Q: 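For reference, the structure I am asking about is given below.
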Amino acid sequence: MCVRSCFQSPRLQWVWRTAFLKHTQRRHQGSHRWTHLGGSTYRAVIFDMGGVLIPSPGRVAAEWEVQNRIPSGTILKALMEGGENGPWMRFMRAEITAEGFLREFGRLCSEMLKTSVPVDSFFSLLTSERVAKQFPVMTEAITQIRAKGLQTAVLSNNFYLPNQKSFLPLDRKQFDVIVESCMEGICKPDPRIYKLCLEQLGLQPSESIFLDDLGTNLKEAARLGIHTIKRQGFAVLPKLVSNSWAQAIYPPYPPKVVRLQVNDPETAVKELEALLGFTLRVGVPNTRPVKKTMEIPKDSLQKYLKDLLGIQTTGPLELLQFDHGQSNPTYYIRLANRDLVLRKKPPGTLLPSAHAIEREFRIMKALANAGVPVPNVLDLCEDSSVIGTPFYVMEYCPGLIYKDPSLPGLEPSHRRAIYTAMNTVLCKIHSVDLQAVGLEDYGKQGINDCDLTQLGIPAAEEYFRMYCLQMGLPPTENWNFYMAFSFFRVAAILQGVYKRSLTGQASSTYAEQTGKLTEFVSNLAWDFAVKEGFRVFKEMPFTNPLTRSYHTWARPQSQWCPTGSRSYSSVPEASPAHTSRGGLVISPESLSPPVRELYHRLKHFMEQRVYPAEPELQSHQASAARWSPSPLIEDLKEKAKAEGLWNLFLPLEADPEKKYGAGLTNVEYAHLCELMGTSLYAPEVCNCSAPDTGNMELLVRYGTEAQKARWLIPLLEGKARSCFAMTEPQVASSDATNIEASIREEDSFYVINGHKWWITGILDPRCQLCVFMGKTDPHAPRHRQQSVLLVPMDTPGIKIIRPLTVYGLEDAPGGHGEVRFEHVRVPKENMVLGPGRGFEIAQGRLGPGRIHHCMRLIGFSERALALMKARVKSRLAFGKPLVEQGTVLADIAQSRVEIEQARLLVLRAAHLMDLAGNKAAALDIAMIKMVAPSMASRVIDRAIQAFGAAGLSSDYPLAQFFTWARALRFADGPDEVHRATVAKLELKHRI
C-alpha cells in the first residue's frame with residue numbers, strides 16, 4: 001500500500017493535491033444523465049491518442065533529449081518545421097514513408113545542431129511498447145463511458161510504421177469509431193477529419209465531447225460546435241500548421257460550448273466526469289475480482305470482522321484482490337463503511353520461515369508506535385480455521401502506487417519530491433530504536449541518467465549521500481557490496497515468485513513475468529559485485545610480482561547491459577570483467593570469444609577500409625586543405641561506429657558500469673590497440689587517439705556530471721576534439737611541478753595567463769576543449785600548487801602563435817601549437833576536482849593511457865617489419881634478392897625478437913594494471929615506456945634502410961612512424977625519467 005501519511009510533508013502537499021483522485025468520495029455517488037447548457041444530452045466522447053490516451057510526442061521528446069544530451073526543444077522544433085508541408089505533417093498524411101520521414105527529419109535536426117542526431121533512436125522510443133501504453137485511468141474511463149451507453153471514438157493524427165501497419169497502440173475494441181489521419185490523408189485541425197468522425201458516429205457536433213492536448217486542434221473542434229477538454233500534456237508555443245483555415249481568426253465560441261484546461265490524465269477524467277455527470281473511476285484502484293485459486297470463505301471472515309470491529313449491521317462484505325505485490329496475497333475489504341486490507345499466507349506448502357505474516361504484523365505495529373508512517377494494523381489472527389491460513393488486518397490507506405521507478409508522466413520537480421519523501425521515510429525506519437519498540441531480537445541489524453537527475457530522479461550516489469546525511473552516517477566504502485547482496489537476494493525472491501506462478505499460487509497478476517526478471521536482476525547484482533571486486537583489489541597490498549603464472553587463458557562470460565541506458569561504445573557485448581585476471585593473454589586467439597570476434601572485425605575493417613584509404617589521407621595531409629579535417633576520415637568514423645569499433649579504449653576499472661566505453665580490460669585493449677597502431681589514421685577513425693583518450697579518461701575519473709555532459713559526451717560521440725596544455729618553453733616541463741602558467745581567482749572566475757607549446761591537436765577546427773594545467777598557489781607544497789581547468793577554445797584571450805613541426809612534419813589538421821593565454825577568464829565550475837589537485841590529475845590522466853602509446857608502437861613496428869619483408873622479397877641488389885643478403889636476414893631476425901620482447905613487457909604491464917591497479921604496476925609501466933619507443937625506432941630504422949631512399953618519402957608510412965617513435969621519447973615522458981623510476985624501484989624492492 002502507498003500510505004497517505006508518507007506524503008504529509010509540506011513539500012509534497014501540492015504534489016498530492018494535483019495527483020491523487022479522491023475516489024472514495026465518488027464511489028457511491030448516484031449516476032444521473034447530464035444535460036449541458038444547450039439542453040441536449042452528450043452521446044459520445046472523442047479521444048485524441050498522443051497526449052490523451054498515451055504519452056505525447058512532446059513529452060517523449062523532452063525525456064529523450066535529456067537522456068541523449070540533445071538541446072531541449074530540438075525535436076519539437078523539427079517536428080513543427082515547414083508547417084503543413086513539413087515532414088511530420090506529410091508523414092501523418094501518409095505522403096511519405098517512415099524511411100523518408102526519418103531521412104528528412106534527421107536532416108532537419110542535424111542542420112539545427114550542426115551535428116548528427118540519432119532520430120532513429122527517438123522514433124524507436126516513441127513507438128516502443130514500453131512508452132506507447134495507454135494510461136490506465138483512461139482505459140477505466142472508456143469502460144465506464146461505454147457501460148453508460150455512450151459511444152467512444154479515437155481521432156488521431158498518426159502514421160504508418162515501417163511494417164506498413166498504422167501506429168495505433170490501443171485496443172480497437174474500446175472504440176465504436178476510429179479515424180486515423182494516415183488512412184484518410186488529412187490531419188487535425190482540418191475540419192474535414194472532425195466531420196468524418198461525426199458522420200461515422202451519426203451525431204451532431206453538440207452531442208460529443210473531444211479531448212486533445214493541442215490548442216489548434218481544439219479550436220477547430222470548438223468552432224464546429226464540439227465540446228472540448230484540453231489535456232495539457234506538453235507546452236507547444238508555435239503553431240503546428242500553417243493552413244489558411246488554421247491561421248484564420250476563429251469566430252467566438254457558441255455560448256453553450258465549455259472549454260476546460262487540465263494538467264494530466266487524472267484531472268482530465270475528473271473534468272470529463274463533471275461534464276458527463278457520472279463517475280468514471282468505480283471501485284478501488286489496482287484491484288480485481290479474487291482469483292479462483294485465492295478465494296477465501298466470506299461468511300467466517302465476516303463473522304470474525306464483526307466481532308473485531310463491534311459491527312452490528314448485516315450489510316454484505318465486499319472483497320477484492322490487489323493485483324500487485326509478489327509475496328503474500330492481499331485483499332481489499334469493505335464492510336459497513338469500513339475500508340480494510342487483509343494480508344494472508346499463500347496456500348500450499350511453504351518453507352518454515354517464508355511468508356511470515358506474523359512477523360509483518362509485529363513490525364508494522366512496532367513501526368507505527370515509533371512514528372513511522374504505516375497503516376494502522378488492527379489484529380493478527382493465527383487461527384487457520386477462519387480463512388484457511390493465518391492473516392492480519394489493517395486499515396486501508398488510499399494513495400498512488402508507482403510501479404515504474406522512472407515515475408513516467410510526472411514533472412521533474414514532482415519526481416524529486418517523491419524520491420526525497422521516500423528517502424526521509426527510509427531514514428525514519430532505520431532510525432527506529434529496536435529495543436524501545438521491542439524488536440531487539442528480530443533479524444540481523446544492518447543498513448543498506450538519457451541523465452536521470454535532469455528528469456528529477458536523483459542518481460544512486462546522490463540518493464545514498466542524502467540518506468547518509470539524514471542518518472548522520474559517514475558514506476560507506478563498500479556500497480557496491482550491499483547493492484550486490486540486495487540484488488542477489490531480490491533475484492532469489494523473484495525465482496520463488498515465478499515458481500509460485502507456475503502452480504497458480506502467486507498473488508500478483510504479473511508474477512509469471514518475474515521469470516524473465518530473475519536473470520536480469522542477477523546480472524545486475526553481478527555488475528555490482530565486479531565493481532566491489534575492483535575496489536578490493538585496488539586496496540590489497542601487492543607483493544611478489546614475479547611469482548604469477550603467465551599461461552594463456554580465456555573463457556566466455558555472458559554480460560548484461562541495462563535496458564534503456566545509453567552506451568557510448570558501439571561494441572554490442574563487452575568482455576568479461578575478470579578475463580585477464582586469470583592469466584596473461586599473449587595471443588589474440590586466446591581472448592574471450594566476444595573480444596576475439598571484435599579483434600577479427602577490427603582486423604577486417606583495417607584491411608578493407610583503412611589501409612586502402614591511406615594514400616588519399618596522406619595526400620590530404622600534404623594539400624592546401626590540410627588544416628581542415630578530411631571528409632574521408634569522417635566517413636570512416638561513421639563506418640567504424642556502424643561496425644561496432646568505437647570508443648574501445650576506456651578500461652573497465654575506470655568505467656565498471658560500461659556506461660562510456662566497451663568494457664575491455666587493459667590486456668584486451670592492448671591487442672586491439674596494437675592492431676590500430678599499424679596505421680597512423682586508425683586510432684582517430686575508432687575514436688581512440690591521443691590526446692582525446694587521455695582527456696576523456698580524465699573527465700570520466702574526475703569530472704562532475706555537468707562537465708561530463710558538456711565535454712565528455714561530445715568527445716565520446718566524435719563530435720568534438722580536445723587538447724592538453726601543460727608543456728612550457730621557459731621550463732623543463734618533464735617535471736610537472738616546474739610549470740609557471742598562473743591561474744588566479746577573480747570573483748566567480750579563474751583568470752589564466754601563461755605561455756604553452758607543443759599542444760597537440762589545438763590547431764584542429766574541431767578542437768572545442770583545452771585541458772589547461774597551471775599554478776593556483778605557488779606557495780603551497782610542491783605537489784599541491786597546480787590545478788587543472790577546462791577551457792572552452794572559443795574563450796577570448798587564447799592566441800595561437802604558430803604551428804610547430806616535428807622533423808618538418810606538421811601533423812595536420814590537429815598539429816602542435818605554441819599558444820599564449822592572456823587574461824583568459826574561465827568559470828569556477830570548470831575547475832577539475834578542486835584547486836591544488838593538478839599534479840594528482842596529471843598522474844591519473846596517464847593511468848591506462850600510460851601504455852596506449854606503447855601498444856601503438858608495437859603496431860608501428862609490426863607494420864614496418866611487414867613492409868620490410870615485402871620489400872626485400874621484391875628487390876635485387878648485387879645479383880641476388882635482398883632477402884638473401886645476410887645483413888638483411890639478421891635485421892629481420894633482430895626486429896622480430898625485439899618486437900616480441902617488447903610486446904610481452906607491454907602485455908605484462910597491462911596485466912598487472914588489471915590485476916593490481918596502476919600504482920602496483922608502476923615498475924612495469926616505466927620499463928615499457930623505456931623499451932617501446934627505442935625498440936620501435938630501431939625496427940623502423942631497419943625497415944627504412946631496406947627501402948633505401950623510398951623509406952624517407954611520404955609514399956610509405958615509415959618516415960612518419962619513425963618521427964612519432966622518436967617524439968614519444970619526450971611526449972610520453974623522457975627516457976631519463978623512466979630510467980630513474982626503474983632504478984629507484986629496483987633499489988627499493990631488491991635490496
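Keep in mind that what you see is a predicted model, and the values were worked out from it rather than measured.
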Q: For residues Glu684 and Ile633, determine if any side-chain heavy atom of one lies less than 4.5 Å from a side-chain heavy atom of the other.
A: yes
Q: Under the side-chain contact (heavy atoms from CB on, under 4.5 Å) rule, collect the residues that match up with Glu810, sequence neighbours excluded.
A: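 Arg626, Trp627, Thr805.
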Q: Does any donor atom in the side chain of Ser679 or Glu614 lie under 3.5 Å from an acceptor atom in the other side chain?
A: yes
Q: Got a sec: does the CD of Glu634 have more than 12 other heavy atoms crowding it under 6.0 Å?
A: yes
Q: Taking all non-hydrogen atoms of both residues into account, name the closest pair between Ile798 and Val819 and its distance.
A: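 So the two residues come closest at CG2-CG1, 3.8 Å.
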Q: To the closest 0.5 Å, what do you measure between CZ (Phe961) and CZ (Arg856)?
A: 12.0 Å
Q: Is the shortest heavy-atom distance from the side chain of Leu645 to the side chain of Leu598 under 4.5 Å?
A: yes
Q: Do any N or O atoms from the side chain of Asn687 and from the backbone of Leu715 form a donor-acceptor pair under 3.5 angstrom?
A: yes
Q: Between the side chains of Glu111 and Arg107, is the shortest nitrogen-to-carboxylate-oxygen separation below 4.0 Å, so that they form an ion pair?
A: yes
Q: Check step by step if side chain to side chain contact (heavy atoms under 4.5 Å, CB included) holds for Leu672 and Val595.
A: CA-CA 9 Å; Leu672 276 72; Val595 183; 4.2 Å; yes
Q: May I ask you to decide if Ala950's main-chain N or O and Asp955's side chain share a donor-acceptor pair within less than 3.5 Å?
A: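 A pair under 3.5 Å: no.
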Q: Quick check: are there more than 12 heavy atoms from other residues, nucleotides or ligands sitting under 6.0 Å from CZ of Arg896?
A: yes
Q: Would you say Arg721's side chain and Cys767's backbone share a donor-acceptor pair under 3.5 angstrom?
A: no
Q: Tell me, do Trp757 and His816 make a side-chain contact under 4.5 Å, heavy atoms counted?
A: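 The answer is no; the side chains never approach within 4.5 Å.
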Q: Testing the basics here: between Pro933 and Lys929, what is the closest heavy-atom pair and its distance to 0.1 Å?
A: CD-O, 3.3 Å
Q: Quick check against the 3.5 Å criterion: does Ser861 have a side-chain atom that pairs as donor or acceptor with the backbone of Leu857?
A: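 At least one qualifying donor-acceptor pair exists.
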Q: Take a 6.0 Å sphere around OH of Tyr599 and say whether it holds more than 12 heavy atoms from other residues, nucleotides or ligands.
A: yes
Q: Is there a side-chain contact between Phe724 and Ile762, using heavy atoms and a 4.5 Å cut-off?
A: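 Answer no - side chains too far apart.
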Q: Between Tyr681 and Ser630, is any side-chain donor less than 3.5 angstrom from a side-chain acceptor?
A: no
Q: Looking at Gln945, I want to see if its CD is surrounded by more than 12 non-hydrogen atoms of other residues, nucleotides or ligands under 6.0 Å.
A: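 Atom CD in Gln945 is not crowded, with 12 or fewer foreign heavy atoms closer than 6.0 Å.
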Q: Test side chain to side chain contact (heavy atoms under 4.5 Å, CB included) on Asn647 and Tyr660 and set out the steps.
A: CA-CA 8 Å; Asn647 288 342; Tyr660 304 113; over 6 Å; no
Q: Between His755 and Gln730, do the side chains contain an N or O donor and an N or O acceptor separated by less than 3.5 Å?
A: yes
Q: Would you say that Cys723 contacts Val771 through its side chain, given a criterion of any heavy-atom pair below 4.5 Å between the two side chains?
A: no
Q: Apply side-chain hydrogen bond (donor to acceptor under 3.5 Å, both in side chains) to the pair Gln768 and Ser722, showing each step before the final yes or no.
A: CA-CA 6 Å; Gln768 297 179 15; Ser722 63; over 6 Å; no
Q: In Å and rounded to the nearest 0.5 Å, what is the CD1 to CZ distance from Ile899 to Arg938?
A: 11.0 Å
Q: Which pair of non-hydrogen atoms, one from Cys686 and one from Met676, has the smallest distance, and what is that distance?
A: CB-SD, 3.7 Å
Q: Output the distance between atom CD (Glu822) and atom CD1 (Ile752), rounded to the nearest 0.5 Å.
A: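 With rounding to 0.5 Å, CD (Glu822) is 12.5 Å from CD1 (Ile752).
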Q: Tell me if a side-chain donor or acceptor on Asn738 pairs with a main-chain N or O of Val731 at a distance below 3.5 Å.
A: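 Checked: no pair found.
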Q: For Ser895 and Arg942: C-alpha separation, side-chain torsions, deciding distance, then whether side-chain hydrogen bond (donor to acceptor under 3.5 Å, both in side chains) applies.
A: CA-CA 8 Å; Ser895 292; Arg942 294 182 192 115; 3.1 Å; yes
Q: With side chain to side chain contact (heavy atoms under 4.5 Å, CB included) as the test, would you mind laying out the steps for Met855 and Ile851 before giving the verdict?
A: CA-CA 6 Å; Met855 296 168 179; Ile851 65 170; 3.4 Å; yes
Q: Answer yes or no: is there a side-chain heavy-atom contact under 4.5 Å between Val610 and Thr678?
A: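 SC-SC contact between Val610 and Thr678 ruled out.
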Q: Check the pair Cys673, Phe649 against side chain to side chain contact (heavy atoms under 4.5 Å, CB included), reporting the backbone distance first and the verdict last.
A: CA-CA 8 Å; Cys673 191; Phe649 65 93; over 6 Å; no
Q: Report yes or no: does Thr115 contribute a side-chain atom to a donor-acceptor pair with the main-chain N or O of Lys719 at less than 3.5 Å?
A: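 No, the answer is negative, given that no donor and acceptor are paired below the 3.5 Å cut-off.
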Q: Determine whether a donor-acceptor pair (N or O, by modelled atom type, separation under 3.5 Å) exists between the side chain of Asp764 and the backbone of Pro813.
A: no
Q: Nearest heavy-atom pair of Ile940 and Ala965: which atoms, and what distance?
A: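 Of all heavy-atom pairs spanning Ile940 and Ala965, the closest is CD1-CB, 4.2 Å.
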Q: Output, in order, the C-alpha distance, side-chain angles, deciding distance and verdict of side-chain hydrogen bond (donor to acceptor under 3.5 Å, both in side chains) for His600 and Glu589.
A: CA-CA 9 Å; His600 288 297; Glu589 296 307 315; 2.8 Å; yes
Q: Between Ala902 and Val931, which heavy-atom pair has the shortest distance, and what is it?
A: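 Smallest heavy-atom distance, with atoms named: CB-CG1, 4.1 Å.
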Q: Does Arg601 pair with Glu643 as a salt bridge, N-O distance under 4.0 Å?
A: no
Q: Can you sort out the partners of Phe947 under ring-ring contact (aromatic ring centres under 6.0 Å, His included), two or more places apart, ordered by chain and number?
A: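 Per chain and number, Phe947 pairs via ring-ring contact (aromatic ring centres under 6.0 Å, His included) with Tyr956.
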Q: Nearest 0.5 Å, please: how far is CD1 in Ile800 from NZ in Lys756?
A: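 Answer rounded to 0.5 Å: 15.0 Å.
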Q: Using the rule given for side-chain hydrogen bond (donor to acceptor under 3.5 Å, both in side chains), can you reason through Glu668 versus Thr665, listing the C-alpha separation, both sets of side-chain angles and the distance that settles it, and then say yes or no?
A: CA-CA 5 Å; Glu668 290 166 342; Thr665 64; 3.3 Å; yes
Q: Measuring only between side-chain heavy atoms, which start at C-beta, is Thr981 closer than 4.5 Å to Lys984?
A: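 Counting from C-beta outward, Thr981 and Lys984 never come under 4.5 Å.
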Q: Measure centre to centre between the rings of Phe772 and Phe821, then say whether the value is under 6.0 Å.
A: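 Aromatic pair counts; centres sit under 6.0 Å.
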Q: Treating Lys641 as the side-chain partner and Glu717 as the backbone partner, does any N or O pair qualify as donor plus acceptor under 3.5 Å?
A: yes
Q: Are Met935 and Ile858 side-chain neighbours, meaning at least one heavy-atom pair lies under 4.5 Å?
A: yes
Q: Between OG of Ser628 and CZ of Arg766, what distance do you get to the nearest 0.5 Å?
A: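 The distance works out to 9.5 Å.
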Q: As an exercise, state the distance from OG of Ser592 to CD of Glu597, rounded to the nearest 0.5 Å.
A: 10.5 Å
Q: Provide the closest heavy-atom pair for Asp655 versus Leu650 in the form atom of the first, atom of the second, distance.
A: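 Closest heavy-atom pair between Asp655 and Leu650: OD2-CD1, 4.4 Å.
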Q: Would you confirm whether His671, through its side chain, and Leu591, through its main-chain N or O, come within 3.5 Å as a donor-acceptor pair?
A: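 Answer holds: no.
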